[in-house]
Protein chains: 2
Amino acid sequence: MPQASPNAAGRLPDASPWDGIAERLRASGLRWTPQRRTLVDVLREHEGHVTATELIARCRERDQTTTPSTVYRTLDVLEDFGLVKHGHGPGGREEYHVLPDQVHGHLHCMACGATWEIRPETGAAIVDALAADLGFAVDLSHVTISGRCRVCRD
Amino acid sequence: MPQASPNAAGRLPDASPWDGIAERLRASGLRWTPQRRTLVDVLREHEGHVTATELIARCRERDQTTTPSTVYRTLDVLEDFGLVKHGHGPGGREEYHVLPDQVHGHLHCMACGATWEIRPETGAAIVDALAADLGFAVDLSHVTISGRCRVCRD
DNA sequence: CATGCTAGTGCAAGTGATTGCAATAGCGAA
DNA sequence: TTCGCTATTGCAATCACTTGCACTAGCATG
């Protein structure tokens, strides 16, 4: 049972990017509400890729009164703070990537449904190719490319 | 707004890929219905990129009784025949590309909203990069990459 | 031309995501 | 501690898209 312990007050050596989020919000004139705390708690223990729907479900586990609109709006705010990045999954559904340590795109296998991250070097190659083509500045974090993975492409 | 339309020049009045579509459907055990005719009529005079919503609206101009589900289902069929290709636009919405002369991806500028096609050579570079990375076989036709175009990226 | 098989249609319900609006509640200041 | 401004919430309505199901109608065959 993952029990959240007091974080902001105590100072641990390896600080999480989530620490001080409340203060950072307030510093921008925004507010720290129970609903936002719930979502951040969920995100804190769920790094990687998540769909919006999944996040809503997990929030509701903790707080039955969670409403979708609030979650979506809070995710927008957190995206402004760089704590999550959203993209569109296979079916065009919202998909969030938590704590993007570095900007990267995603690969989605149409056959088995798995998702991979595009490695930085490969991503850079794509960015360069498109810059050379039309002078386009790609936002790699928003890219999801479909296809078939090594295993499924036979 | 720069809208890429490859075969805008020199269109031959009688050599349309849409000709004989009825027969091709029948040859596959499928049927040629008034509803399908309406959609094909709309598509025939609307090459380039269109959203599903826009197509539904245009169909309804011609036939008030048009229902969304039928349009979506017919688009699926036409996609099987290679007459349209669907992808997901900026907001994750369905976007159709009519008569894809060659498989290509799309670029979308987050700032001005314009859409470009990725040139074949550039697309090939992307495909190669991802094949080398994870052995991934990219379905280029389904790719939409967001970013900022030359003009907007200042 | 009439018939039967079944692809296709329309409806209605359902899911995911967004938005307008009135009521609520952070939180900085008094 | 109380007050007031306004960010945020929750609801309900709406949009985009999908799906299950009963009925309709293409069209191949006789």
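Note on naming: letters A, B, ... go to the chains in the order of the sequence lines (proteins, then strands), and numbering restarts at 1 for each one.
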Heteroatom pairs (N/O) under 3.5 angstrom, protein to nucleotides 18-21 of chain C:
| from | atom 1 | to | atom 2 | distance (Å) |
| --- | --- | --- | --- | --- |
| C:dT18 | OP1 | A:E94 | OE2 | 3.3 |
| C:dG20 | O6 | A:R73 | NH1 | 3.4 |

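Between C:dG26 and A:R26, no contact under 4.0 Å exists linking OP1 or OP2 to a side-chain N or O. Taking 4.0 angstrom as the limit, B:Q35 places none of its side-chain polar atoms (N or O) nearer than this to OP1 or OP2 of D:dA25.
Using bins of under 30°, 30° to 60° and over 60° for the plane-to-plane angle, the ring pair B:W116/A:F136 lands in the perpendicular bin. Under the 30°/60° scheme for interplanar angles, the aromatic rings of B:H49 and B:H97 are found to be tilted.
Shown for residues 59-67 of chain B: residues whose heavy atoms fall under 4.0 angstrom of DNA chain C, namely B:T67.
One can place CZ of B:R24 at 19 Å from C1' of C:dA7, the figure rounded to the nearest angstrom. Computed from coordinates, the A:L75 CG to D:dT8 C1' distance equals 15 Å when rounded to whole Å. Between the CG atom of A:L25 and the P atom of C:dG26 there is a distance of 14 Å, given to the nearest Å. Rounded to whole angstrom, the span from the NE2 atom of B:H88 across to the P atom of C:dG16 amounts to 15 Å. Atom CH2 of A:W32 and atom P of C:dG28 are 14 Å apart (whole Å). If you measure from atom CG of A:L55 to atom P of C:dG16, you get 13 Å, rounded to the nearest angstrom. The distance from atom CG of B:L30 to atom C1' of C:dG8 is 10 Å, rounded to the nearest whole Å. Straight-line distance from the CD atom of A:E23 to the P atom of C:dG26: 16 Å, rounded to whole Å.
No option in B:E61, B:R60, B:R62, B:R58 other than B:R62 meets the side-chain contact (heavy atoms from CB on, under 4.5 Å) test with B:T38.
The distance from the CD atom of B:E95 to the OG1 atom of B:T51 is 7.5 Å, given to the nearest 0.5 Å.
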Test log, rule salt bridge (charged side-chain N to carboxylate O under 4.0 Å, His left out), inputs B:E94 and B:K85: CA-CA 10 Å; B:E94 295 279 344; B:K85 268 288 185 183; over 6 Å; no
message = Could you go through A:H88 and B:H88, starting from their C-alpha distance and side-chain angles, then the distance that decides it, and tell me whether this counts as ring-ring contact (aromatic ring centres under 6.0 Å, His included)?
response = CA-CA 8 Å; A:H88 297 284; B:H88 296 285; 8.0 Å; no
Before giving the answer on salt bridge (charged side-chain N to carboxylate O under 4.0 Å, His left out), spell out for B:R26 and B:E23 the whole-Å C-alpha distance, their side-chain angles and the decisive distance to 0.1 Å. CA-CA 5 Å; B:R26 276 191 282 263; B:E23 287 67 34; 3.4 Å; yes
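Between the side chain of B:R31 and the base of C:dT6, at least one donor-acceptor pair of N or O atoms lies under 3.5 Å.
Comment: A:R44 engages A:D41 in a salt bridge, judged by a side-chain N to carboxylate O separation of less than 4.0 angstrom.
Heavy-atom distances to DNA chain D give each of B:T51 and B:A27 a nearest nucleotide, and the one nearer the 5′ end belongs to B:T51. Comparing A:A52 and A:T33 along DNA chain C, the residue whose closest nucleotide (by nearest heavy atom) sits nearer the 5' end is A:A52. Take the nearest nucleotide of DNA chain D for B:T53 and for A:R36: the residue whose nucleotide is more 5' is A:R36.
Considering all non-hydrogen atoms of both residues, A:L75 and A:V84 come closest at O-CG2, 3.8 Å.
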